[in-house]
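Chain letters run A, B, ... following the sequence lines, proteins first and then strands; every chain starts at 1.
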Protein chains: 2
Amino acid sequence: MTKADIVNEVSKNTGIEKVTVQKTVEAFMETVKESLVDGKNVYLRGFGSFVVKRRAEKTARNISKNTTIIIPAHNIPSFKPAKSFVQKVKTK
Amino acid sequence: MTKADIVNEVSKNTGIEKVTVQKTVEAFMETVKESLVDGKNVYLRGFGSFVVKRRAEKTARNISKNTTIIIPAHNIPSFKPAKSFVQKVKTK
DNA sequence: AAGAAAAAGACATAAAATGTCGACTCATAA
DNA sequence: TTATGAGTCGACATTTTATGTCTTTTTCTT
């Protein structure tokens, strides 16, 4: 599904105008992103949690050049799906 | 941040009523969930992709009992953040 | 504000993911 | 239709995740 598909579905299910849904969905994603950039996790019960995780320094390979490089420690955005979400997906 | 925090922020930034924002955000999450339950991935540019992954049968541990259990092959929901999202988080 | 219940976090270890680059193709989204 | 973000592929060593159960914390509805 694309964003347009999601917007259509939400609009159909809620009766809210597509323009409003699109604007809201976009703002939602932007807000989640900015929250994680600020280091603040987002907890959405029944859906999942968007959390910032720390990745340790790591040695990787540039495969095409067959060289080694060091990836410094850094933060990444991650998502932990809610248990109920996992349950529903696992059985299908 | 909680759902209420997100809804407040979205409402503030878009001018859309909180009640509408909440309804939209809830429907958004529900739609993403149902899409993955149906086996259909969701691609949201600049935010990330919600994708169903297959997990092979696995030997795992019941840690508290220190026993071995077999987890049958199953699907899990996962999220791959967009590159731009990763970039913004990594540097903070 | 209260209460329900979802979620976080701790434990040992096998499985899964991670990262790199670059070229190419695919697909989202305005 | 067009621009460009996103996905894919290779090797491989290291890091991270995911299992159940229990307790505590937190979300979130009313």
Side-chain angles (χ1 to χ4, degrees), chain A residues 1-8 18-19 21-23 25-26 29-30 33 35 40-90, chain B residues 1-8 18-19 21-23 25-26 29 32-33 35 40-90:
Chain A
M1 280 178 107
T2 65
K3 185 168 72 173
D5 296 331
I6 297 281
V7 167
N8 288 338
K18 283 180 192 173
V19 173
V21 172
Q22 174 153 348
K23 198 172 175 189
V25 167
E26 283 164 0
M29 293 192 285
E30 199 56 39
K33 282 196 286 182
S35 184
K40 289 177 297 188
N41 297 337
V42 177
Y43 303 97
L44 302 167
R45 205 193 266 206
F47 185 63
S49 309
F50 290 94
V51 299
V52 179
K53 288 187 180 178
R54 187 74 179 164
R55 283 285 179 269
E57 177 180 295
K58 176 186 171 88
T59 303
R61 285 205 82 68
N62 177 339
I63 306 170
S64 33
K65 292 185 179 173
N66 201 25
T67 56
T68 293
I69 62 173
I70 304 287
I71 317 293
H74 61 284
N75 296 325
I76 61 157
S78 71
F79 175 72
K80 184 178 177 182
K83 189 172 169 184
S84 55
F85 187 7
V86 173
Q87 287 292 341
K88 287 172 85 174
V89 171
K90 100 188 281 193
Chain B
M1 284 177 101
T2 64
K3 187 169 74 175
D5 296 333
I6 296 280
V7 167
N8 288 339
K18 284 181 191 170
V19 173
V21 172
Q22 174 154 346
K23 199 171 175 188
V25 166
E26 284 165 1
M29 294 193 285
V32 169
K33 280 196 289 184
S35 184
K40 289 176 296 187
N41 296 337
V42 177
Y43 304 95
L44 303 166
R45 275 216 182 168
F47 185 64
S49 309
F50 291 93
V51 302
V52 180
K53 288 187 178 178
R54 186 74 179 163
R55 284 286 177 271
E57 177 179 296
K58 163 187 174 130
T59 303
R61 295 205 73 73
N62 178 336
I63 304 172
S64 33
K65 294 186 182 175
N66 201 25
T67 56
T68 293
I69 56 174
I70 305 285
I71 312 296
H74 61 285
N75 297 324
I76 62 160
S78 70
F79 176 72
K80 184 179 180 182
K83 190 171 171 185
S84 56
F85 188 6
V86 173
Q87 286 293 337
K88 286 173 84 176
V89 172
K90 97 187 283 191

DNA chain D nearest-nucleotide lookup for A/E57 and B/F47: closer to the 5′ end is B/F47
Find which nucleotide of DNA chain D each of A/I63 and B/P81 is nearest to by heavy atoms, and output the residue with the more 5' nucleotide.
B/P81
I want to verify a distance call: between [options], whose nearest atom is closest to the [X] side chain?
| X | options | value |
| --- | --- | --- |
| B/L44 | C/dA29, C/dC11, D/dT17 | C/dA29 |
| A/K58 | C/dG22, C/dT18, C/dA29 | C/dT18 |
| A/A56 | C/dG22, D/dT16, D/dG20 | D/dT16 |
| B/R61 | D/dT21, C/dA8, D/dT19 | D/dT19 |

Between A/G48 and B/N66, which has a closest nucleotide on DNA chain C that is more 5'?
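Its nucleotide being nearer the 5' end, the pick is A/G48.
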For DNA chain C, whose closest nucleotide is more 5', that of A/I69 or that of B/Y43?
A/I69
How are the rings of B/F50 and A/F50 set to each other: parallel, tilted or perpendicular (split at 30° and 60°)?
perpendicular
Please confirm whether the shortest side-chain N or O distance from [X] to OP1 or OP2 of [N] is below 4.0 Å.
| X | N | answer |
| --- | --- | --- |
| B/K80 | D/dG7 | yes |
| B/Q22 | D/dT29 | yes |
| B/K3 | D/dT29 | yes |
| A/K65 | C/dG22 | yes |
| B/H74 | D/dT19 | yes |
| A/S49 | C/dA8 | yes |
| A/K53 | D/dT16 | no |

Locate the shortest heavy-atom distance separating A/N75 from A/V52; write the atom from each residue and the value.
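Closest approach of A/N75 to A/V52, heavy atoms only: CB-CG1, 3.7 Å.
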What's the [atom1]-[atom2] distance between [X] and [N], to the nearest Å?
| X | N | atom1 | atom2 | answer |
| --- | --- | --- | --- | --- |
| A/M29 | C/dT28 | CE | P | 13 Å |
| B/R45 | D/dT4 | CZ | P | 10 Å |
| A/R54 | D/dT17 | CZ | P | 14 Å |
| B/N41 | C/dC26 | CG | P | 18 Å |
| B/K83 | C/dC26 | NZ | P | 20 Å |
| B/N75 | D/dA18 | CG | P | 14 Å |
| B/I71 | D/dG20 | CD1 | C1' | 9 Å |
| A/F50 | C/dA7 | CZ | C1' | 15 Å |

Using only atom types and a distance under 3.5 Å, with no angle test, would you say the side chain of A/N8 pairs donor to acceptor with the backbone of A/D5?
no
Does any non-hydrogen side-chain atom of A/V19 lie less than 4.5 Å from one of A/K23?
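Not touching, per the 4.5 Å side-chain cut-off.
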Checking B/R61 against B/T67 for the side chain to side chain donor-acceptor pair (under 3.5 Å) test, could you report, in this order, the C-alpha distance in whole Å, the side-chain angles of both residues, the deciding distance, and whether it holds?
CA-CA 6 Å; B/R61 295 205 73 73; B/T67 56; over 6 Å; no
Test: A/K33 and A/E30 ion pair at under 4.0 Å
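Yes.
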Tell me whether the side-chain N or O atoms of B/R55 pair up with the base of C/dA15 as donor and acceptor below 3.5 Å, since no angle test is needed here.
no
Mind checking if B/A4 touches a base, just sugar-phosphate, or nothing, with heavy atoms under 4.0 Å?
nothing
At under 4.0 Å between heavy atoms, what does A/S64 touch on the DNA or RNA strands: base, sugar-phosphate, or nothing?
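It contacts base atoms.
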